[in-house]
Every structure is written in C-alpha cells, then in structure tokens.
Amino acid sequence: SAASDVYMRQALACLEMEHPRNERLVRAINAVGQNRRVKIGVDSGAELTVWPSDLCQDIAELVPNDASREGVCYWAPGDLEYPSIPDEGTRTFMLLIDDEHMTIAPHMAPIRKPLISVADMNDKGHDVFFPSKGQAMAVHQASGKVTRIQRTGGRFEIDAEVVPPTQCPPEGRGVDL
C-alpha cells in the first residue's frame with residue numbers, strides 16, 4: 001500500500017542517516033518478500049556502473065569479467081595511496097522502471113549503494129538531462145523511452161524494481177540501461 005511504502009522510505013532514511021553500518025539492514029529490508037526496490041544513484045563522475053556485491057545476489061549469477069579476472073581495484077573516496085575496492089564480476093538484472101523493462105549489467109563490488117554511470121548510459125544510447133527546473137531524465141535515442149530521474153536532496157536517483165527471471169517478459173530484455 002502507499003502508506004506502507006511511505007513508512008518504509010521513512011524508516012530506511014532514518015537507518016541510513018543513523019550509521020553507515022546499517023546499510024546492510026537497509027538492503028535486507030528492501031529485499032523482504034517480492035519487493036526488490038532499489039534506488040540507483042545516477043553519478044556523472046563515476047567511470048562505470050557498480051552495485052553492492054550482496055544486493056539481490058539471489059537473483060542473478062555473479063560472472064567473472066575482465067576486470068575481476070585481472071584483479072582490478074577502484075578508488076574509494078578515502079583512498080590515498082592505492083585503490084581498495086576490488087571488482088568482483090558482473091551480474092545482469094532485469095529492472096522494472098516506470099512500467100518499462102530494462103536490463104542492467106553492473107560491475108559488483110563491496111560498496112554500500114548501487115550507482116549507474118552517466119558515461120555508461122551515454123555509451124548505451126541514453127542522453128541524460130539534469131535541468132535546474134523540471135524533470136531530470138534519460139532519453140534512449142533509438143527507442144525514445146524516457147527514464148525519470150528523481151532528485152532526493154543532493155542526489156539524483158532512479159527508482160527501480162529488480163525483477164526475478166521467472167517474472168521477466170517473454171518478449172525480450174527491454175532497453176539496456
């Protein structure tokens with residue numbers, strides 16, 4: 001119900017603000033039952049799309065990628081001497097965003113929140129807009145599909161539901177995000 005969704009968002013916001021260690025609890029609450037809602041941070045400074053390795057791990061298989069096989073690590077904000085975040089591979093997920101199916105294949109790493117790289121979105125044919133007034137969005141040039149991006153405080157996010165493979169539409173994958 002709408003009331004329980006509001007309550008859940010308020011509870012999650014409180015947990016996130018209290019202490020970063022509660023992030024695991026926040027993800028666990030998000031994954032209760034069939035509700036697999038995620039808020040994907042839209043990051044214009046990220047080099048690649050990356051999700052927490054333990055987020056929705058029961059839905060898609062972790063597949064090694066070139067970066068994980070080569071032992072690539074990424075820089076965390078507090079890293080001063082060397083990058084500390086290892087690439088652990090890739091998972092491919094079907095998402096439901098604004099009643100449209102989309103596919104995303106993020107790198108997986110031991111991080112707190114899912115991020116989508118604007119550069120990756122551009123490479124997949126999306127033009128991304130962050131206007132000072134009005135709706136932020138990504139427009140897929142080939143299909144014309146619009147993905148709304150919500151601003152929450154100083155963050156831009158895409159609200160999505162991760163769809164289990166058994167609930168994916170038979171007609172195909174949808175647009176790559």
Side-chain angles (χ1 to χ4, degrees), residues 5 8-9 12 15-16 23-69 72-74 76 85-128 136-150 152 155-177:
D5 286 346
M8 182 66 74
R9 278 192 295 262
L12 294 174
L15 286 171
E16 282 187 31
E23 188 67 27
R24 220 177 264 285
L25 176 59
V26 170
R27 285 197 297 270
I29 290 171
N30 274 335
V32 170
Q34 295 301 315
N35 184 10
R36 298 202 178 263
R37 301 221 53 94
V38 293
K39 297 246 184 220
I40 305 167
V42 181
D43 192 336
S44 62
E47 291 185 39
L48 57 93
T49 298
V50 61
W51 280 29
S53 48
D54 61 348
L55 184 64
C56 299
Q57 62 188 357
D58 59 322
I59 289 187
E61 179 184 355
L62 182 64
V63 177
N65 58 35
D66 290 342
S68 67
R69 281 189 288 274
V72 170
C73 289
Y74 305 108
I85 301 174
D87 191 305
E88 296 178 345
T90 302
R91 286 195 173 102
T92 300
F93 298 105
M94 176 70 75
L95 302 178
L96 186 61
I97 302 171
D98 296 332
D99 296 322
E100 296 282 344
H101 284 95
M102 298 185 155
T103 304
I104 189 167
H107 290 253
M108 307 306 287
I111 61 170
R112 291 185 335 110
K113 296 182 180 191
L115 296 174
I116 187 166
S117 161
V118 171
D120 278 353
M121 294 177 77
N122 288 155
D123 292 346
K124 290 180 174 66
H126 296 268
D127 290 334
V128 184
M137 68 184 82
V139 179
H140 189 257
Q141 290 302 301
S143 69
K145 288 186 179 181
V146 174
T147 303
R148 291 181 308 128
I149 300 172
Q150 294 84 31
T152 307
R155 298 183 316 263
F156 287 94
E157 300 172 321
I158 295 173
D159 188 24
E161 181 176 352
V162 179
V163 181
T166 56
Q167 298 176 14
C168 292
E171 65 271 6
R173 298 166 29 121
V175 172
D176 284 342
L177 190 60

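Reckoned from all heavy atoms, side chains included, excluding hydrogens, waters and symmetry mates. Not measured: the values here are computed from a predicted model.
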**Prompt:** Excluding sequence neighbours, so at least two apart, what forms side-chain hydrogen bond (donor to acceptor under 3.5 Å, both in side chains) with D66?
**Reply:** R69

**Message:** List the residues meeting side chain to side chain contact (heavy atoms under 4.5 Å, CB included) with D98, not counting sequence neighbours, and say none if there are none.
**Reply:** R148

**Item:** H126: ring-ring contact (aromatic ring centres under 6.0 Å, His included) partners, not counting sequence neighbours
**Value:** H140

**Request:** Using a 4.5 Å cut-off on heavy atoms from C-beta on, say whether the side chain of Q57 contacts that of R91.
**Result:** yes

**Residue list, side-chain hydrogen bond (donor to acceptor under 3.5 Å, both in side chains) with D120, at least two apart or on another chain** = T49

**Prompt:** Should the ring pair W51 and F93 be called parallel, tilted or perpendicular, given that the plane angle runs from 0 to 90° and is split at 30 and 60?
**Reply:** parallel

**Fill in**
The side chain to side chain contact (heavy atoms under 4.5 Å, CB included) partners of V139 (sequence neighbours excluded) come to F129, M137, Q141, V146

**Request:** For side-chain contact (heavy atoms from CB on, under 4.5 Å), just list the numbers for M102 and D176, CA-CA rounded to whole Å, side-chain angles, deciding distance to a tenth of an Å, and then say yes or no.
**Result:** CA-CA 6 Å; M102 298 185 155; D176 284 342; over 6 Å; no

**Prompt:** Are the side chains of Y74 and E47 in touch, meaning some heavy atoms are under 4.5 Å apart?
**Reply:** no

**Request:** Show your reasoning for whether side-chain contact (heavy atoms from CB on, under 4.5 Å) applies to R37 and D159.
**Result:** CA-CA 7 Å; R37 301 221 53 94; D159 188 24; 3.2 Å; yes

**Request:** Please lay out, stage by stage, how I40 and L95 fare under the test side-chain contact (heavy atoms from CB on, under 4.5 Å).
**Result:** CA-CA 11 Å; I40 305 167; L95 302 178; 3.9 Å; yes

**Fill in**
Nearest heavy-atom approach of L55 to P114 is CD2-CG, 3.9 Å

**Prompt:** What's the shortest heavy-atom distance between C56 and V162, and which atoms?
**Reply:** SG-CG2, 3.8 Å

**Message:** Suppose we screen for ring-ring contact (aromatic ring centres under 6.0 Å, His included). Which residues come up paired with F156, at least two apart in sequence or across chains?
**Reply:** F130

**Item:** With sequence neighbours excluded, residues passing salt bridge (Lys or Arg N to Asp or Glu O under 4.0 Å) with E88
**Value:** none

**Prompt:** Can you check whether I85 reaches C73 side chain to side chain, under 4.5 Å on heavy atoms?
**Reply:** no

**Request:** Just jot down the side chain to side chain contact (heavy atoms under 4.5 Å, CB included) partners of E100, sequence neighbours excluded, or say none.
**Result:** K145

**Prompt:** What residues, two or more places apart in sequence or in another chain, satisfy side chain to side chain contact (heavy atoms under 4.5 Å, CB included) together with A46?
**Reply:** D43, S117

